[in-house]
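First comes the structure, then the notes that go with it.
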Amino acid sequence: MTSKTEFYYMDDDVTQPFTAPHNSGKATPVEELLKLGVLYYQFPELEQVNKLAEQRHYKNRDHIELSKEKIPEDVLNEKLKIFYKEHLHEDEEIRYIVDGEGYFDVRDLQDRWIRCKVVANDLLILPEGIYHRFTLTDKFYVKAIRLFQDEPKWIAINRDALDKDGEIARQQYLASVSA
């Protein structure tokens, strides 16, 4: 059975692992994500990703593969805990899913979690300053391309430790989505 992309509000069931679906049953239309500045594309061909990268001035990329087969389970679990901590970035976060699946959770303007299940051929762009987090699904496998405008960097500013730069990125984000 082929997995499919889904967007929905998360439930509050803390008894389930964060890799569980946590589907509240309330779907979120992609238009709601657009209002938050989140862009979603489905690109069956890598050439489409390359074209978007050129249009948006993404000059660099790297590849990441997360799986129990490639990474020892204890190391993978530690990575997932880091990725799942609510944070923001001072740059866009761009991911193209080559294979497998994962969850990007983003905060809406009422501070509710929207879960974005991404699968092969999905490309998601999270704007600078949006609170979000990532985890694998219970299949524990994703292969992705990360795109960057400049040198590859991934600096997470955790919500519970927001510094001045993070606060500036957050305020700019809020201004951009409330305009």
Side-chain angles (χ1 to χ4, degrees), residues 1-43 64-89 92-147 154-162 166 169-170 173-174 177:
M1 181 175 163
T2 303
S3 205
K4 67 180 180 102
T5 306
E6 297 178 79
F7 307 112
Y8 52 85
Y9 283 98
M10 290 183 67
D11 65 28
D12 296 325
D13 185 354
V14 295
T15 65
Q16 296 295 313
F18 52 81
T19 56
H22 288 281
N23 192 335
S24 68
K26 184 177 179 192
T28 305
V30 74
E31 293 79 18
E32 286 300 310
L33 293 172
L34 263 175
K35 291 177 188 175
L36 299 174
V38 176
L39 304 177
Y40 166 75
Y41 302 92
Q42 188 163 72
F43 289 149
I64 185 168
E65 185 173 342
L66 300 172
S67 73
K68 288 182 177 179
E69 287 73 37
K70 296 281 184 181
I71 301 171
E73 191 169 345
D74 59 330
V75 175
L76 179 62
N77 288 335
E78 285 306 308
K79 279 187 180 291
L80 290 179
K81 285 178 189 173
I82 292 168
F83 294 159
Y84 200 68
K85 191 157 178 69
E86 184 175 3
H87 63 277
L88 59 77
H89 301 285
E92 290 182 334
E93 182 163 336
I94 309 97
R95 300 294 180 266
Y96 175 68
I97 308 302
V98 176
D99 195 17
E101 57 189 37
Y103 297 121
F104 277 96
D105 301 334
V106 298
R107 288 277 190 190
D108 73 3
L109 296 178
Q110 289 75 45
D111 221 27
R112 299 172 297 183
W113 283 115
I114 296 174
R115 178 153 273 193
C116 305
K117 180 182 179 185
V118 290
V119 300
N121 301 323
D122 287 347
L123 185 138
L124 200 65
I125 301 174
L126 303 181
E128 164 189 339
I130 192 171
Y131 288 126
H132 66 283
R133 60 192 183 189
F134 175 80
T135 191
L136 296 174
T137 68
D138 55 10
K139 294 182 179 176
F140 289 94
Y141 173 69
V142 73
K143 183 187 274 188
I145 297 173
R146 303 185 301 181
L147 299 158
W154 188 88
I155 300 171
I157 303 169
N158 292 335
R159 186 173 188 174
D160 62 3
L162 208 57
R170 181 67 182 164
Y173 167 72
L174 290 173
V177 295

Q: Take R146 and I94 through the side chain to side chain contact (heavy atoms under 4.5 Å, CB included) test and state the conclusion after the steps.
A: CA-CA 6 Å; R146 303 185 301 181; I94 309 97; over 6 Å; no
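- Between F140 and T19 there is a side-chain heavy-atom pair separated by less than 4.5 Å.
- A heavy-atom distance below 4.5 Å is found between the side chains of E93 and H132.
- By the salt bridge (charged side-chain N to carboxylate O under 4.0 Å, His left out) test, K26 is found to be paired with no residue, residues two or more places apart in sequence or in another chain being considered.
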Q.
Could you walk me through whether Y131 and D105 satisfy the side-chain hydrogen bond (donor to acceptor under 3.5 Å, both in side chains) test, starting with their C-alpha distance in whole Å, then the side-chain angles of each, then the deciding distance to 0.1 Å, before giving a yes or no?
A. CA-CA 8 Å; Y131 288 126; D105 301 334; over 6 Å; no
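- Looking at L36 and I114, their side chains come closer than 4.5 Å, going by heavy atoms from C-beta outward.
- Taking the side chain as every heavy atom from C-beta outward, Y141 and E101 never approach each other to under 4.5 Å.
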Q) Run the side chain to side chain contact (heavy atoms under 4.5 Å, CB included) check on L162 and L88 step by step: do they pass? A) CA-CA 9 Å; L162 208 57; L88 59 77; 3.9 Å; yes
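- Judged purely by atom type and a 3.5 angstrom limit, D11 uses its side chain to pair as donor or acceptor with the backbone of D13.
- Looking at residues two or more places apart in sequence or on another chain, you find a salt bridge (charged side-chain N to carboxylate O under 4.0 Å, His left out) between K81 and E78.
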(Q) Using side-chain hydrogen bond (donor to acceptor under 3.5 Å, both in side chains), reason through H89 and E128 one step at a time and then give a plain yes or no. (A) CA-CA 6 Å; H89 301 285; E128 164 189 339; over 6 Å; no
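- Under the 4.5 Å side-chain criterion, counting only non-hydrogen atoms from C-beta, L174 is in contact with L109.
- In terms of the salt bridge (charged side-chain N to carboxylate O under 4.0 Å, His left out) criterion, residue partners of R159 (sequence neighbours excluded) are, by chain and number, E86, D111.
- Side-chain contact check for V38 versus I125: every heavy-atom pair is 4.5 Å or farther apart.
- Sequence neighbours left out, the pairs with a member in residues 101-129 that pass ring-ring contact (aromatic ring centres under 6.0 Å, His included) are F104-F134.
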Q: List the steps and the verdict of side chain to side chain contact (heavy atoms under 4.5 Å, CB included) for R115 and T135.
A: CA-CA 10 Å; R115 178 153 273 193; T135 191; 3.9 Å; yes
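- Under the 4.5 Å side-chain criterion, counting only non-hydrogen atoms from C-beta, F83 is not in contact with L136.
- Note that CG of N77 is 11.5 Å distant from CD1 of I82, once rounded to the nearest 0.5 Å.
- Checked for salt-bridge contact, D122 and K117 miss the test: no charged N lies under 4.0 Å from a carboxylate O.
- For residues 12-43, every residue pair satisfying the ring-ring contact (aromatic ring centres under 6.0 Å, His included) rule, not counting sequence neighbours, is listed here: F7-Y40, F18-Y84, Y41-F43.
- Here the SG atom belonging to C116 is positioned 10.5 Å from the CE atom belonging to M10, to the nearest 0.5 angstrom.
- In terms of the side-chain hydrogen bond (donor to acceptor under 3.5 Å, both in side chains) criterion, Q16 has no residue partners (sequence neighbours excluded).
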**Q.** Check against side chain to side chain contact (heavy atoms under 4.5 Å, CB included), L39 and L123
**A.** CA-CA 8 Å; L39 304 177; L123 185 138; over 6 Å; no
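- The closest side-chain heavy-atom distance from L124 to I97 is not below 4.5 Å.
- Note: H87 NE2 to I157 CD1 = 9.5 Å, rounded to the nearest 0.5 Å.
- Here the rule is side chain to side chain donor-acceptor pair (under 3.5 Å) with Y9, and of D108, N23, T28 only D108 fits it.
- In D12, the CG atom is not crowded: 12 or fewer heavy atoms of neighbouring residues, nucleotides or ligands sit closer than 6.0 Å.
- Of all non-hydrogen atoms in Y173 and P127, the two that sit nearest each other are CE1-CG, 3.6 Å.
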